[in-house]
Visitor: 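Before anything else, here's the structure in question.
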There are 2 protein chains.
Amino acid sequence: MEKIKMDIGQAADLFKIMGDRTRLSMIAMMNERECCVCDFTDCFQMSQPAVSQHLKKLRTLGLITERKEGYWTHLSLNKESPFYDMIPELIAVVPDADAHVAFLIASCSREDCC
Amino acid sequence: MEKIKMDIGQAADLFKIMGDRTRLSMIAMMNERECCVCDFTDCFQMSQPAVSQHLKKLRTLGLITERKEGYWTHLSLNKESPFYDMIPELIAVVPDADAHVAFLIASCSREDCC
DNA sequence: TCGTCACATAATAAAATGCTTATATGGTTG
DNA sequence: CAACCATATAAGCATTTTATTATGTGACGA
């Protein structure tokens with residue numbers, strides 16, 4: 001196991017990515033289970049390209065991995081990321097994150113996916 | 001003791017404020033000890049007004065309190081803030097935060113203050 | 001009382017952010 | 001092959017962020 005190398009600037013980059021309600025929710029949801037892109041377009045009240053661009057930021061930071069299957073793209077937190085271990089701990093600090101995630105996941109109502 | 005009320009949007013606001021290297025460092029330093037504004041102008045390679053504007057954001061979120069004494073303004077994390085309990089936990093998640101804070105505090109080299 | 005010190009505020013400019021609509025892409029299905 | 005579906009990318013735009021320089025303010029000390 002390699003030693004994690006991270007300076008405070010990289011930590012700030014992670015906080016910055018999490019400093020948006022939509023992305024924080026996405027991360028918290030993926031912390032619970034693998035999610036399809038369509039889950040996110042279902043959950044959040046914004047256009048599909050807006051969701052896609054938030055995902056791009058998560059990808060650029062190396063936070064997520066994808067698995068394509070038929071029509072759908074399934075997203076997970078990237079186990080190889082140096083941030084991977086931090087994420088559950090950061091989410092755990094947020095009061096009522098569990099309830100919020102449960103609510104969001106319940107509102108992903110596609111039957112033909114996920 | 002009142003129950004903390006916080007939705008995910010407010011948590012995102014906190015992450016956003018911490019999503020800047022300078023402010024994250026300031027918060028981590030104040031998590032260690034009370035700091036003077038001059039500590040920050042010493043530590044960070046930017047103008048005094050830039051430091052002042054970062055502090056304004058921390059104030060606007062209600063994250064800090066001040067104590068004036070002679071020339072100097074001493075800053076602490078605000079115990080009344082709903083975020084107060086979260087901060088040490090969030091800082092604890094950042095690898096090597098301790099070493100970084102120690103380095104920064106060591107570089108605050110005023111002898112007539114703090 | 002006048003200059004100085006720590007700090008805040010104003011004004012401004014450059015860059016980044018986050019949305020929108022329109023369009024492209026690549027696998028799927030008929 | 002052709003239409004379709006999930007998703008990405010491009011382009012445009014308003015807003016926000018973050019720095020800089022210049023200036024204001026109020027406490028302190030000679």
Side-chain angles (χ1 to χ4, degrees), chain A residues 8-9 12-27 29-30 34-76 108-114, chain B residues 8-9 12-27 29-30 34-76 108-114:
Chain A
I8 203 92
D13 290 342
L14 177 59
F15 282 121
K16 186 174 190 176
I17 284 287
M18 298 177 79
D20 172 276
R21 187 196 174 97
T22 301
R23 287 192 302 265
L24 181 56
S25 298
M26 287 173 163
I27 290 170
M29 288 168 75
M30 287 185 285
E34 186 181 64
C35 295
C36 180
V37 176
C38 66
D39 288 330
F40 297 141
T41 52
D42 265 17
C43 284
F44 304 112
Q45 215 170 329
M46 64 179 53
S47 66
Q48 172 268 317
V51 167
S52 189
Q53 285 165 70
H54 281 300
L55 289 172
K56 185 172 191 177
K57 295 191 178 191
L58 300 181
R59 267 184 222 109
T60 299
L61 202 64
L63 234 51
I64 57 177
T65 51
E66 2 188 313
R67 178 175 70 81
K68 301 213 175 186
E69 185 185 345
Y71 284 146
W72 299 285
T73 303
H74 301 269
L75 305 165
S76 311
C108 302
S109 53
R110 289 192 71 111
E111 292 178 359
D112 56 347
C113 171
C114 311
Chain B
I8 201 93
D13 289 343
L14 177 59
F15 282 122
K16 186 174 189 176
I17 283 288
M18 299 177 79
D20 171 277
R21 187 196 174 95
T22 301
R23 288 191 301 265
L24 182 56
S25 298
M26 287 172 163
I27 291 169
M29 288 168 73
M30 287 184 285
E34 187 182 63
C35 295
C36 180
V37 176
C38 66
D39 288 331
F40 298 141
T41 53
D42 264 16
C43 284
F44 304 113
Q45 214 170 329
M46 64 179 54
S47 65
Q48 173 266 318
V51 166
S52 190
Q53 286 168 84
H54 282 300
L55 290 172
K56 185 172 191 177
K57 295 191 180 193
L58 300 181
R59 265 183 223 110
T60 298
L61 201 64
L63 234 51
I64 58 177
T65 50
E66 358 188 317
R67 179 175 69 82
K68 301 213 175 186
E69 185 185 344
Y71 283 146
W72 299 285
T73 303
H74 301 271
L75 304 165
S76 311
C108 302
S109 52
R110 287 192 72 113
E111 291 178 0
D112 56 347
C113 170
C114 311

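Just so we're on the same page: letters track the sequence lines, and every chain starts at 1.
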Visitor: Would you kindly give the CE-to-P distance between B:M46 and D:dT17, to the nearest whole Å?
Guide: 16 Å
Visitor: In this structure, how many angstroms lie between the C1' atom of D:dT7 and the NZ atom of A:K57, rounded?
Guide: 18 Å
Visitor: Would you kindly give the CG-to-P distance between B:L58 and D:dT18, to the nearest whole Å?
Guide: 11 Å
Visitor: Both A:R23 and B:Y71 contact DNA chain C. Taking the nearest nucleotide for each, which residue is further toward the 5' end?
Guide: B:Y71
Visitor: Can you find an N or O donor on one side and an acceptor on the other, under 3.5 Å apart, linking the side chain of A:Q48 with the base of D:dA8?
Guide: yes
Visitor: Of all the choices, C:dT21, C:dC7, C:dC19, which nucleotide is nearest to the side chain of B:W72 once you look at every atom?
Guide: C:dC7
Visitor: With sugar-phosphate meaning primed atoms plus P, OP1 and OP2, does B:R21 contact a base, only sugar-phosphate, or nothing at under 4.0 Å between heavy atoms?
Guide: nothing
Visitor: Return the CZ to CD distance between B:R23 and B:Q53, rounded to the nearest 0.5 Å.
Guide: 11.0 Å
Visitor: Starting at CZ of B:R59 and ending at C1' of C:dA8, how long is that distance when rounded to a whole Å?
Guide: 8 Å
Visitor: Using whole Å, report how far CD of A:E69 lies from P of D:dT7.
Guide: 11 Å
Visitor: Rounded to the nearest Å, what distance is computed from the CG atom of residue A:D20 to the C1' atom of nucleotide D:dT15?
Guide: 14 Å
Visitor: For B:A50 and for A:L55, locate the closest nucleotide of DNA chain D by heavy-atom distance; then report the residue assigned to the nucleotide nearer the 5' terminus.
Guide: A:L55
Visitor: Do A:M30 and A:F40 have side-chain heavy atoms sitting under 4.5 Å apart?
Guide: yes
Visitor: Are A:T60 and A:K56 packed together at the side-chain level, in the sense that at least one heavy-atom pair is separated by less than 4.5 angstrom?
Guide: yes
Visitor: Would you say A:M46 and A:V51 make side-chain contact, with heavy atoms under 4.5 Å?
Guide: yes
Visitor: Can you tell me the distance, in whole Å, between the NZ atom of A:K68 and the P atom of C:dT25?
Guide: 14 Å
Visitor: From CZ of A:F40 over to C1' of D:dA8, roughly how many Å is that when rounded to an integer?
Guide: 16 Å
Visitor: Answer yes or no: is there a donor N or O on one side and an acceptor on the other, between the side chain of A:S52 and the main chain of A:P49, under 3.5 Å?
Guide: no
Visitor: Please confirm whether the shortest side-chain N or O distance from A:S47 to OP1 or OP2 of C:dC19 is below 4.0 Å.
Guide: no
Visitor: Of all the choices, C:dT20, C:dA16, C:dA8, which nucleotide is nearest to the side chain of A:K16 once you look at every atom?
Guide: C:dA16
Visitor: When only distance counts, do a donor and an acceptor, one from the side chain of A:Q53 and one from the base of C:dT20, lie under 3.5 Å apart?
Guide: yes
Visitor: Is the phosphate of D:dA19, meaning OP1 or OP2, less than 4.0 Å from a side-chain N or O of B:H54?
Guide: yes
Visitor: What contact category does A:T73 fall into here, base, sugar-phosphate, or nothing, at under 4.0 angstrom with non-hydrogen atoms?
Guide: sugar-phosphate
